[in-house]
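Note that the structure is predicted; figures quoted are calculated from it, not measured. Values reported hereafter were calculated over all heavy atoms of this structure, with side chains retained and with hydrogens, waters and symmetry mates removed.
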Amino acid sequence: MATFLYRVGRLAFRRRWYVALVWAAVLAAVGLGALRAPEAPDEGFSMPGIESQKAFDLMEERFPGAAADGATARVVFVAPDGEKVTAAGNRRAVEEAVADLADGAQVADAVDPFRARTVSEDGTTAYTTVTYEVAVQDLTDDGRTQLEQALHAARDSGLTVEAGGTAMEENEAAGSAAELIGVAVAAVVLLITFGSLAAAGLPLLTALIGVGVSMAAITALAAALGLSTTTGVLAMMLGLAVGIDYALFVVSRYREERAGGRAPQEAVGLAVGTAGSAVVFAGLTVVIALAGLTVVGIPMLTEMGLAAAGAVVVAVLIALTLVPAFLGFWPNAVLRRRARRGGRTGKAGEAGETGAEAVRDNGGSRWARLVLRRPLPVLLLGVVGLGVLAVPVAGLQLGISGDEAKPVSATERRAYDALADAFGPGFNGPLTVVVDAEGEADPEGAAETVAERIRDTDGVVSVSPATFNEAGDTAVLQVVPATAPTDERTEELVTAIRDERPGVESETGATFEVTGVTALNIDISDKVQAALIPYLVIVVGLAVLLLMVVFRSLLVPLKAALGFLLSVLASLGVVVLVFQQGHGAGLLGVEQTGPIMSLMPIFLVGIVFGLAMDYEVFLVSRMREAYVHGEGPGQAVVSGFRYSARVVAAAALIMTAVFSGFVGESDPIVKTIGFGLAAAVLFDAFVVRMAIVPAVLALLGDRAWWLPKWLDRLLPGVDVEGAALSRRPEADPEAGAAGAAEPELVRT
């Protein structure tokens, strides 16, 4: 591996114009394809294999057109204190507001609440549902503006008027500002780390090129492959993250080789041969984690995972080819200013950092020595600390929050609260029961039997009359629970209703299924929880095998996997602590706590696993390299930290800054994901990789690098640490700079 990549790096350096032109052509081709590609169809969210999805599919089949995806707005009218909306003046104001809403652009219908009987029993609150002819993504600015104007006009009458529903959603690219902030912070961190504008800008430039290629390719293929509009979100996030990391690692190694007296072409070859090998295997671990999302069985996650895996592959290829090509254009620009001053860049002792200075102590090596002196206390402190943070995971409650989790400043939240106060907490999350009586002699009797059974179930407030399809063989019932959509008792109610099914089937011959947004959220949570363990087993198991190949060790990969599990559990624990239990929630602007988003654990595991294995490979590969080259186990740990700690710390700070930017978003789901990812990166990089890893290696000593002989014979040799490169005949640095023939390489 190291030998092959060494040649790739030198070739990219020599043929830099060809490499740059090839990547420019690729970017132009996929960009043109993206511009000409038809818009990807929005097929909506689908979750095969769960009851609520089956019921929804049955409704689409038996009630053609009833499950249309048009935008909706639910407008709530609340009378002033001491008054009722049924009073003459208030009623007239409501009717005028409904008429204004019905005249809005793209509106299909707005129902009079007094005719539809959508008035609370105490007469203080009424609501109307405005349906639109188009889906929410096709709703024009005029349509939204007229909706807002109608709401303002109704408020002028003295009524409290709030609105929720899909029509209130803004067509914004969530997190775009956060991404810009993340890039700016990344630039500052890189500048501090490298002390050179060029060295800081190169990883950013190549990462942005990689993201551009990936996103354009996804857009170009979206319509042909049936990808959803959300497919590229994860690809953009991870493509930027690993693109910076991988280029950062190659550039850092190139600077080390130049500081040791290597000529530019030789330094590039060695950097790609060693650091590039680590990049390849780090990328493979990320691809494994992302491709493993197919195990969950959610089409949207599968698409996002595979698209992001493609973005990671692009980032790896750019780090191995375009980065060395750019270094060929500006071989000295990425060095520190003192190394460039006076042209002292070519030989040992003249690079601004002599060979002795290149290996002098720094913060990383001093920290490693501190850990080596007290490995057991450091290990216990790290494990116990993360373990304590992980304790709240035992009370993890998954779900999908809605308007109730938005700030009280949002009209959607105020509308939610008004409906809950007037009609009960379960009104905002009704259950839909679909009765399938096809082929039965008395479909109406079957539907009434189902309604009676459900009406007698504890926790049910009301059951609507059955609505039949044209064929008369399928009925729909609306069931209002007594508890809120995210309440655990609502989940118990759904289970209790479904438990009534065997009795109904034996009595009537008909069957029924429960669906609706609330039931769908419950089913998704159950499916994700069931898939989490198999996902972890597959992803972690494959990664352990891959790391065995990389490190030629049995214990180091196991330690890496256990450390990752610790950091993920700890980060989930603090998410539960803040967003579910409410500790410190106010500091983050969280006004309403509740269940954690169902997909959060899967997202956290997939993304953090990839980044954690990046840090593991970058850090431990330098230790392995030093150990293979003759250093003792303790000194190898110190050497690995001397060369890699700063790079890993910089990469972790960049990722933390990127993810922390999402905490400032108003969307509670985005806020939760940003907080969880930022916490996980901090825990994994600075507690697991910087403290637990060196402590474990210090305690294990030579045993850390032990591998059974039979297993060593089975595993392929890849030479990630560059042992073959260290045994080749030394090339003349000046000849290497001039593009002389490559020295013969000794293979292992």
- Query: Under the side-chain contact (heavy atoms from CB on, under 4.5 Å) criterion, do F579 and F675 qualify, and how do the steps go?
  - Reply: CA-CA 10 Å; F579 292 90; F675 179 82; 3.4 Å; yes
- Message: One pair to check against side-chain contact (heavy atoms from CB on, under 4.5 Å): T125 and V85. What are the steps and the verdict?
- Response: CA-CA 6 Å; T125 307; V85 292; 5.8 Å; no
- Yes or no on side-chain hydrogen bond (donor to acceptor under 3.5 Å, both in side chains) for Q106 and T140, after CA distance, side-chain angles and deciding distance? CA-CA 8 Å; Q106 301 175 296; T140 63; 3.0 Å; yes
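The CD atom of E505 lies 10.0 Å from the CG atom of D436; values are rounded to the nearest 0.5 Å. Taken to the nearest 0.5 Å, the CG atom of L398 stands 9.5 Å off from the CD1 atom of I602. Put simply, CE on M168 and OG1 on T72 are 11.0 Å apart, with the number rounded to the nearest 0.5 Å.
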Listed pairs under 3.5 Å, donor-acceptor, residues 457-467 side chains, sequence neighbours left out:
from: T457; atom 1: OG1; to: R453; atom 2: O; distance (Å): 3.0
from: T457; atom 1: OG1; to: I454; atom 2: O; distance (Å): 3.3
from: S464; atom 1: OG; to: Q478; atom 2: N; distance (Å): 2.8

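In this structure E133 satisfies the salt bridge (Lys or Arg N to Asp or Glu O under 4.0 Å) test with no other residue, sequence neighbours excluded. With sequence neighbours excluded, the residues satisfying salt bridge (Lys or Arg N to Asp or Glu O under 4.0 Å) with E412 are K406. By the salt bridge (Lys or Arg N to Asp or Glu O under 4.0 Å) test, D100 is found to be paired with no residue, residues two or more places apart in sequence or in another chain being considered.
Using modelled atom types, one finds no donor on one side chain facing an acceptor on the other under 3.5 Å when comparing E440 with T508. Between the side chains of Q146 and D142, not a single donor N or O lies within less than 3.5 Å of an accepting N or O. T490 and T483 form a side-chain donor-acceptor contact under 3.5 Å, judged by distance and modelled atom types alone. Checked by atom type, the side-chain pair S52/D523 shows a donor-acceptor distance below 3.5 Å.
The stretch residues 73-96 participates, sequence neighbours left out, in these side chain to side chain donor-acceptor pair (under 3.5 Å) pairs: E83-N90, R91-E95. Screening residues 392-412 for ring-ring contact (aromatic ring centres under 6.0 Å, His included) gives no qualifying pairs among residues at least two apart or on separate chains.
Closest approach of T294 to T302, counting heavy atoms only: CG2-CG2, 3.3 Å.
Salt-bridge annotation for R62 and E438: present, with a side-chain N of the basic residue lying under 4.0 Å from a carboxylate O of the acidic one.
With a 4.5 Å cut-off on side-chain heavy atoms, E162 and R413 do not count as touching. Proximity of I50 to L520: side-chain heavy atoms (C-beta onward) are separated by under 4.5 Å at one or more points. Between T672 and V575, some side-chain heavy-atom pair lies under the 4.5 Å cut-off.
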